[in-house]
Amino acid sequence: MTEQRTVWWEDGRVRMIDQTRLPAETVILDLRTDAEVAEAITSMRVRGAPAIGVAAALGLALAAQAAAAEPRDRFQERLAAAAERLRRTRPTAVNLFWAIDRLLRLASDEPEPAAAAERLTAEARAMVEEDVRVNQAMGRHGAELLPAQGGILTHCNTGSLATVGFGTALGVVRAAVAAGKALHVFVDETRPRLQGMKLTAWELQRDGIPATVITDNMAGWVMRQGRVQAVIVGADRIAANGDTANKIGTYGLAVLARSHQIPFFVAAPLSTIDFALLDGSAIPIEERSPDEVTHVGGVRVAPEGVDVFNPAFDVTPAELISAIVTEVGVAQPPTRDTLARLAKQTDR
Ligand code: MRU
């Protein structure tokens, strides 16, 4: 049986699980336009770098199909407008831009709009399948890094829901457990959107992997108690030198892990590495609405008018990362050279 996907193409529509409704209910959305897909990305109905990339590609395929009967110039104009709309949704996850550029390159090679629309759709659908294969490969490489038994701490959601299926960092945990390792996962709640408590805990429960939810500020104490043997997280954008942007709170975890001599791993596909950026200082960091901080479950808990800072991501310097796991192998330690060597193994 094929595992439930997070986002996919069906009968000329984009379908996805609405992650804002989990874990209370599993609602499947039917999206018919690139504007609807853009809205779903912005409002985090679909989230997680790889899932956002695939969703954007499928959204662009919808736009191409809608414009397939137009003359070439008009087709290209409409495609460019859809690409722009999708690019504006979330700035940090580079997979979004990688996916859009991959499709636009194809469109520019094909002069006939109807044929271009078909090629774009086939490519976007191929990206759905590719994502699962890539994650499974990452799982195989990463599983070896985890201990035979013990506690693993993770942050945000990097599972099936953050990808099309299987997951990145959580995929590594799943692969390690499938290989017989006796792991217990400490799940950071992940303020302010609670992806850990709502999504990661839900996925681990369904998989029957032992898990304990902690609030973000408990991580240091749990490490101090000797209950964590490794930390593994995902990434939204990795600079050429290995500096890694991921969910806000990741940097603090890396500092804590170093201080407790616990290995700190990142798992991400090569599509998350932005070789155009020399280091993490150039990674754009999304800032989201103050309401995400001042409200809990839709109820205001902060005083009216209080100042709020709400960066959605932070950047962990490469020197705090023990290894970066990709689908073609492991960069250990992550440096400009080890990462470039991995990239050379593909056609990137
Ligand atoms: O804001 P989100 O939920 O999209 O952030 C997701 C993360 O930070 C994940 O760790 C990252 O995208 C890697 S997911 C495989």
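Just follow the structure's listing: the first ligand is 1, and inside any ligand the first atom is 1.
Only side-chain heavy atoms of Pro50 come within less than 4.0 Å of ligand 1; its backbone N, CA, C and O stay farther off. Only the side chain of Met44 comes within contact range of ligand 1, with a heavy atom under 4.0 Å; no backbone atom does.
Crowding of Glu144 atom CD: a count of heavy atoms from other residues, nucleotides or ligands under 6.0 Å not exceeding 12.
Set against the non-hydrogen atoms of Lys247, the atoms of ligand 1 under 4.0 Å away are 1 (O), 2 (P), 5 (O), 8 (O). Ligand 1 places these atoms under 4.0 Å from at least one heavy atom of Thr168: 15 (C). Contact atoms of ligand 1 toward Ala162: 14 (S), 15 (C) (distance under 4.0 Å to a heavy atom of the residue). Distances below 4.0 Å separate heavy atoms of Arg90 from the following atoms of ligand 1: 1 (O), 2 (P), 4 (O).
By the salt bridge (Lys or Arg N to Asp or Glu O under 4.0 Å) test, Glu129 pairs with Arg5, sequence neighbours left out.
Between Thr158 and ligand 1, no pair of N/O atoms sits closer than 3.5 Å. Distances between N or O atoms of Gln195 and those of ligand 1 include at least one value under 3.5 Å. Of the polar atoms of Gly48, at least one N or O is found under 3.5 Å from an N or O of ligand 1, judged by distance alone. Inclusion of Asn246 in the set of residues having an N or O under 3.5 Å from an N or O of ligand 1 is warranted.
Minimum interatomic distance between Thr121 and Gln65 (heavy atoms only, all atoms of both residues): OG1-NE2, 2.6 Å.
Look at Arg237 and Glu286 and you find no salt bridge, because none of the NZ, NE, NH1 or NH2 atoms lies under 4.0 Å from a carboxylate O.
Note on residues 172-217: pairs passing ring-ring contact (aromatic ring centres under 6.0 Å, His included), not counting sequence neighbours, are His184-Phe186.
In the candidate list Met138, Arg47, Gln19, Arg47 is nearest to atom 6 (C) of ligand 1, counting heavy atoms.
In terms of protein heavy-atom proximity, atom 12 (O) of ligand 1 is nearest to Ala49 N, 2.8 Å. The closest protein non-hydrogen atom to atom 8 (O) of ligand 1 is Asp236 OD1, 2.9 Å.
Not one N or O on the side chain of Asp236 forms a donor-acceptor pair closer than 3.5 Å with the backbone of Asn246. For the pair Thr42 (side chain) and Ala38 (backbone), a donor-acceptor distance under 3.5 Å is present.
At least one heavy atom of Ala235 lies less than 4.0 angstrom from ligand 1.
Residues Leu146 and Leu153 do not share a hydrophobic cluster, defined by chaining ILVMFWY side chains whose heavy atoms lie under 4.5 Å apart. Val54 and Val94 are assigned to two separate hydrophobic clusters, defined by single-linkage of ILVMFWY side chains at heavy-atom distances under 4.5 Å.
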